[in-house]
Amino acid sequence: MVSSNPFGEFRQACQAALSEAIEALYPSLSAEYLSVEIPANMIFGQLASTVSFDLGRKLKVSPQKLAAQICGGIETENYSLLRDVEVAGGGYINFHANFADLSKVTVNSALALDAAYGYVKTDKPETVIVEHTSANPISPINIGQARNPILGDALARILAARGHTVFRHFYVDDVGRQTAVVAYGYKKLGEPPLKGKPDHYIGLIYTLTSCVIEINRLKHRIEQEKNSTSDTLEQLRRHLDEWTSIATELEKKHPKLFGQLLKKIAEDDDIEGLVSSLNLNYETGADSAVKKLVRDVCKLSLDGIKETLANIEVVFDSWDWESTFTWNSSVSKILERLKATGYVFEKGPVLEFDAEKVAAEFKLKQAFGLKEDYEIPSLTLLRADSTTLYTTRDIPYSLWKFEKAEKVINVIGMEQRLPQLQLKLALWALGHVNQAKGLIHFGHNLVTLPGYKMSSRRGRYITLDEVVAEAIRRARDEVEHRSPTMSEDQKHKISRIVGIGALKYALIEVDPIKPVVFTWDRVINFERNSAPYIQYSYARACSILRKGTKKLNEANYSLLVEPLEHDLVFALSRFPEVFVDVAENLKPSIVADFANGLADKFNRFYSLFPVIKAQPEPLSKARLAMVKAITVVLRNSLELIGIVAPEKM
RNA sequence: GGGUCCGUAGCCCAGUCCGGAUUAAGGCGCCGGCCUUCGGAGCCGGAGACCGGGGGUUCAAAUCCCCUCGGACCCGCCA
C-alpha cells in the first residue's frame, strides 16, 4: 500500500473511531469535526483527544468516565493503523499507532513516491505569481535584504510542490528619484567604464552622488530656514552633521571618485531641479536620451544583481520593468479610473487616494485586522510636478499580474505594510475585489547589523556577494580539513553547496516576522542546527545506502521496535501533513525545523544501531529501507527551501 | 500622539493562530565522557527558563482578555 499521507491516514482513522464511538453513545450529538492532536510525549501515543473535557462538561459527566466510555466503544481492529486506545490523565483519549503497519506504509510510500513523497497536491490548483526580491537597480543586494530572495524562492518552490502553477517575478524599480540620482552621478562622471562587479560600482556611484546631493540640499534648506523656528533649524543642522561625517568617511575610502564627482556637481546650480527633471523625463519617456541613460545604468546594475541571484540559484520567470507601465500609459489610465471612483481628492498641489473612506464604506477594517477607530492615512498618488509615486505605479502593475495569475504574493519587508494595505484598498475601490482578496503581502523583517541600520544611501551595507563568498570560503576550509582526498572539482562543488546552504538556512529558519541580527558566526556556523548538519546527516545516510546494497523485499517492519525507530517513522509519516501546513500557511521556517529534527533523530539512531550488520536479516532490510526513506524526506524537505542535499561531503 | 509587530535559560530560537497531561522542545557557549563496528560536520551525560511584569477568564494559561514596561517598524510630494 502506498499513501501520499501516511500519518493523515492514521489521523483520519482516529477521528473516525472517535466520532463513531461518540455518536453510538450519544446519538443526538453530531461529532464530526473532532480534532486530535499530537501529544507532548510519545508515551501518550501518537495522537490524543481532549474531547471528553468539553463534552463532559456539557453532559455533566466526569471527563475521565466519559473518556472511558468512548474508549470502550472503539473497535481498534477496524482500523489497521490503530493499535490501541487508552484513557490517561484526567480524561485524555490516547491513540497508539500500529507501528508495524505505519512503518510499512510510510517507508514503502517514501520509496515508491520518491521525489514526490510529501508533496501532497492541492485539490484547488491556482496560478500564483510570487513577486520577490525586486531590489532597486541602483545598488547591490545587501545582507539586510537577503531574506527576501531566499524566502521568496522557498515560497515559490513550496507552492509549486503543492501543485500550483507558479511564476517568479522580479519588479525592476527603475522609475523614481533614486534612479534619477544615480543616473545623474553616472552622467556627471562621464559614464565611466565600470570597475569590478557592475552593481557594486553603480552602488558606489549612487552612494557618493546621493551624499553630495543631500549635503547640498541641506545647506540650501538651512539658508532658507535661517529665520524660522530654532527646532527646524536645529534638526536640519543635525542632519547636515550626519551627512558631513558620512562624506568624510566616503572621501577617505574613495578619494579619487569622490573628488571627481564633487568637482563635476559643483558646476550645476540647480541640482535638485536637474534630478527632478531626469525623474520626470524618464517616467514619461519623453526624452529618448534620458530614457537610454537611466535604462543603461539600471541594466548594468541589474546584470550584477542577476549574477548574485544566479550564484545562489534563485531564478526568475519574468523581469518586469516598472517604466513599462508609465510609458504605455497604464498608470495614467488607472489614475483616471481611480479619480472616477470618488475616492480621490486634492490636497494642496498633490492628488491623494482616500484609503480610509474605502475601508469605511466597504466595511473592510475588521476583515483587514484593523481597529474601527484607526484612521488609515491617505496615499499620495501624484507629486506636485505630476510624477507618480511607487505605490501609485504598483496599482496597474498589480492588475497586470492578475491578468496572468489568480493569486499574487508580494514578498516585501514589513515596513511596507501600510502601502500594501493602501494598494489592496485601491484595487477594491476600482471594483477589483477578487484581485484585492488575492493579493497577499508576505511581510518579513530585515536582517540588521548590530548597532546600525543598513542603508544604500549612506553606503553602509554588507553585500550578499561578500557574505556568500565568505560562506563558501569557510566551507572550503572545512572540506579541506575533513575530506583532503576529495578531487578539486568535488571540493569546489561541496564548498558551494555547504556554504550557500548554511546561509539560506540561517535566513529561513527564523520566523520571518522576527528580525535577524547579522553576525558572521550566526549566519555561517557549521555546527548543529544548521544546513550543514542536515546535509551531513544526509551524506551519512547515503553512505550507508552505498554500502548496503541488498534487496529490500524481505524487510520486516514489525522488527522496528526501538522507540527511536518509532520516532523516525513517526517523523517520516508526518512529513506530508507538515508540508501541507507549510504550503497553506506560507511557513517555510517550519520546513527548516522539521528537517533539522529528522536529522537529529537519524544521527542518534545512527550512533546506536547498526543497519547493514543488523540481525536478523529482515531487520537489517527494514532498517535499510527506513534509511532510504530518511534520505528521501531529508532531500525533499531541503529542496523546498532551496538547499542542495549532497551525497558526499 | 496614533497604529502594527516582537519580548521564552548568559546568547540564539521552537511552541502562541486552534488553552490541556510528565521534566517548556532545541541550538550556541560552559562542564564531563565517547574515535576496533555503516562518515566524529557526530553521539552520550550535566548545569542553566517558573515563558518581560501585573491583573483577569478557565477545572486547566507561554498560549485567550485587559493594563503595564522594554524593543522594532509605520503614520513621506522615499521606495
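Quick note on labels: first sequence line is chain A, next is B, and so on, each numbered from 1. We use all heavy atoms of the structure for the numbers below, so side chains are in, but hydrogens, waters and symmetry mates are not.
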A/Asp581: what forms a salt bridge (Lys or Arg N to Asp or Glu O under 4.0 Å) with it, not counting sequence neighbours?
A/Lys587
Which part of the nucleic acid, if any, lies within reach of A/Val479 when heavy atoms closer than 4.0 Å are counted: base, sugar-phosphate only, or nothing?
base
Please give, in whole Å, the distance from B/G7 P to A/Ile513 CD1?
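My rounded result for the distance is 11 Å.
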Whole-Å distance separating the CD atom of A/Glu478 from the P atom of B/G40:
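Going from CD in A/Glu478 over to P in B/G40 covers 15 Å.
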Given A/Thr388 and A/Glu283, is the side chain to side chain donor-acceptor pair (under 3.5 Å) satisfied, shown in steps?
CA-CA 8 Å; A/Thr388 57; A/Glu283 176 168 336; 2.7 Å; yes
Under a 3.5 Å cutoff, is there a donor and acceptor pairing between the side chains of A/Asn603 and A/Tyr533?
yes
Could you give the distance separating B/C6 and B/G45 at their P atoms, to the nearest angstrom?
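Between the two P atoms, the distance is 35 Å.
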Is the phosphate of B/C13 approached by A/Arg522 (side-chain N or O, under 4.0 Å from OP1 or OP2)?
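For B/C13, OP1/OP2 do have a side-chain N/O of A/Arg522 under 4.0 Å.
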Establish, for the pair A/Arg540 and A/Phe602, whether the NZ or CZ atom is under 6.0 angstrom from the six-membered ring centre and no further than 45 degrees off its axis.
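Relative to the ring axis of A/Phe602, which defines the angle, A/Arg540 lies outside at least one limit.
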Is it the case that more than 12 heavy atoms not belonging to A/Lys493 sit under 6.0 Å from its NZ atom?
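At most 12 heavy atoms, drawn from other residues, nucleotides or ligands, come within 6.0 Å of this atom.
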Using the P atom in both, what is the distance from B/C34 to B/A24, to the nearest Å?
31 Å
Which whole number of Å gives the distance between the P atom of B/G53 and that of B/G7?
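My reading of the P atoms in B/G53 and B/G7 gives 13 Å.
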Since syn is defined as within 90° of 0, does B/C13 count as syn or as anti?
anti
What do the steps show when you test A/His441 against A/Asn410 for side chain to side chain donor-acceptor pair (under 3.5 Å), and what is the final call?
CA-CA 5 Å; A/His441 175 207; A/Asn410 290 338; over 6 Å; no
Measure from the side-chain heavy atoms of A/Pro610 and tell me the nearest of B/C38, B/A14, B/U58.
B/C38
Considering just the side-chain nitrogens and oxygens of A/Arg177, establish if one lies under 4.0 Å of OP1 or OP2 belonging to B/C78.
no
Side chain of A/Arg383, heavy atoms from C-beta onward: which of B/A41, B/C78, B/A14 has the nearest atom to it?
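The answer is B/C78.
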Rounded interatomic separation in angstrom, taking CD from A/Glu37 and P from B/C17
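Distance, rounded to whole Å: 10 Å.
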Please work out which of the three classes, parallel, tilted or perpendicular, describes the rings of A/Phe609 and A/Phe605, given edges at 30° and 60°.
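Aromatic pair A/Phe605/A/Phe609 classed tilted.
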In whole Å, what separates the C1' atom of B/C38 from that of B/C43?
15 Å
5' priority, RNA chain B, between A/Asn585 and A/Tyr390 [closest heavy atom]:
A/Asn585
As a test of reading the structure: which of B/A41, B/U16, B/C59 is closest to the side chain of A/Tyr536, going by heavy atoms?
B/A41
Is any side-chain heavy atom of A/Ile513 less than 4.5 Å from a side-chain heavy atom of A/His444?
no
Base, sugar-phosphate, or nothing: which does A/Leu608 touch, judged by heavy atoms less than 4.0 Å apart?
nothing
Rounded P spacing from B/G52 to B/U16 in Å:
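It works out to 15 Å between them.
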Under 3.5 Å, is there a donor-acceptor pair between the A/Asp385 and A/Thr387 side chains?
yes
For nucleotides 62-76 of chain B, read 5' to 3', which letter fits each nucleotide if B means a protein heavy atom sits under 4.0 Å from the base, S means only the sugar-phosphate is that close, and - means neither?
-----------SSS-
In whole Å, what separates the P atom of B/U4 from that of B/G42?
44 Å
Any A/Ser543 side-chain N or O less than 4.0 Å from OP1/OP2 of B/G39
yes
Using a heavy-atom cut-off of 4.0 Å across all strands, would you classify A/Ala539 as base, sugar-phosphate, or nothing?
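If one applies the 4.0 Å heavy-atom cut-off, A/Ala539 turns out to touch a base.
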By nearest atom, which of the nucleotides B/U16, B/C43, B/A41 is closest to the A/Asn603 side chain?
B/C43
Whole Å only: how far is the CZ atom of A/Arg623 from the P atom of B/U37?
18 Å
Under-4.0 Å salt bridge between A/Arg635 and A/Glu647
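Salt bridge between A/Arg635 and A/Glu647, a charged N being under 4.0 Å from a carboxylate O: no.
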What pattern of brackets, bars and dots sums up RNA chain B from 5' to 3', given Watson-Crick or G-U wobble pairs under 3.5 Å, [ ] for crossing pairs and | for another strand?
(((((((..(((.......[.....))).(((((.......))))).....(((((..]....))))))))))))....
Does a side chain donor of either A/Arg460 or A/Asn142 reach within less than 3.5 Å of an acceptor in the other side chain?
no
Taking atom C1' of B/G39 as reference, at what distance in whole Å does atom CE of A/Met649 sit?
10 Å
Cut-off 3.5 Å, side chains only: do A/Thr380 and A/Glu352 have a donor facing an acceptor?
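Yes, A/Glu352 and A/Thr380 have a side-chain donor paired with an acceptor closer than 3.5 Å.
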Aromatic ring pairing A/Tyr171/A/Phe325, orientation class (parallel under 30°, perpendicular over 60°, tilted between):
perpendicular
Using a cut-off of 4.0 Å between protein heavy atoms and nucleotide atoms, how would you tag nucleotides 21-32 of chain B 5' to 3' with B, S and -?
BB----SS----
May I ask you to say what A/Asp373 touches in the nucleic acid, namely base, sugar-phosphate or nothing, with a heavy-atom cut-off under 4.0 Å?
nothing
Distance between P atoms of B/C13 and B/C78 (Å, rounded)
35 Å
A/Glu86 side chain to A/His96 side chain, donor-acceptor N/O pair below 3.5 angstrom:
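Per modelled atom types, A/Glu86 and A/His96 side chains form a pair under 3.5 Å.
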Would you indicate, yes or no, if B/C59 has its OP1 or OP2 atom less than 4.0 angstrom from a side-chain nitrogen or oxygen of A/Arg57?
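True: A/Arg57 side-chain N/O within range (under 4.0 Å) of B/C59 OP1/OP2.
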Can a donor-acceptor pair be found between the side chains of A/Asp174 and A/Thr179 at a distance below 3.5 Å?
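There is no such pair between these side chains.
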Listed once per pair and sorted, the salt bridge (charged side-chain N to carboxylate O under 4.0 Å, His left out) pairs that draw on residues 364-379 of chain A, sequence neighbours left out
A/Glu356-A/Lys365
Measuring only the P atom in each nucleotide, how far is B/C44 from B/G26? A whole number of Å is fine.
11 Å
Between B/G3, B/G39, B/A41, which one does the side chain of A/Lys547 approach most closely?
B/G39
Select base, sugar-phosphate, or nothing to describe what A/Lys347 touches, counting heavy atoms under 4.0 Å on all strands.
nothing
From the options B/C43, B/C38, B/A41, select the nucleotide whose nearest atom is closest to the side chain of A/Val611.
B/C38
Once you round it to whole Å, what is the distance between P of B/C44 and CZ of A/Phe605?
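After rounding, the gap between these two atoms is 14 Å.
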RNA chain B contacts among residues 495-505 of chain A, heavy-atom distance under 4.0 Å
A/Val498
Provide, to the nearest angstrom, the distance between the CZ atom belonging to A/Arg604 and the P atom belonging to B/C43.
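So the CZ-P distance, A/Arg604 to B/C43, works out to 8 Å.
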Under a 3.5 Å threshold, yes or no: a donor from one side chain and an acceptor from the other, between A/Ser620 and A/Lys550?
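A pair is found: one side chain offers a donor N or O, the other an acceptor, under 3.5 Å apart.
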So A/Arg482, base contact, sugar-phosphate only, or nothing? Heavy-atom distance under 4.0 Å.
base
Taking CD1 from A/Ile38 and P from B/C18, how many angstroms apart are they, rounded to a whole number?
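Whole-Å distance recorded here is 18 Å.
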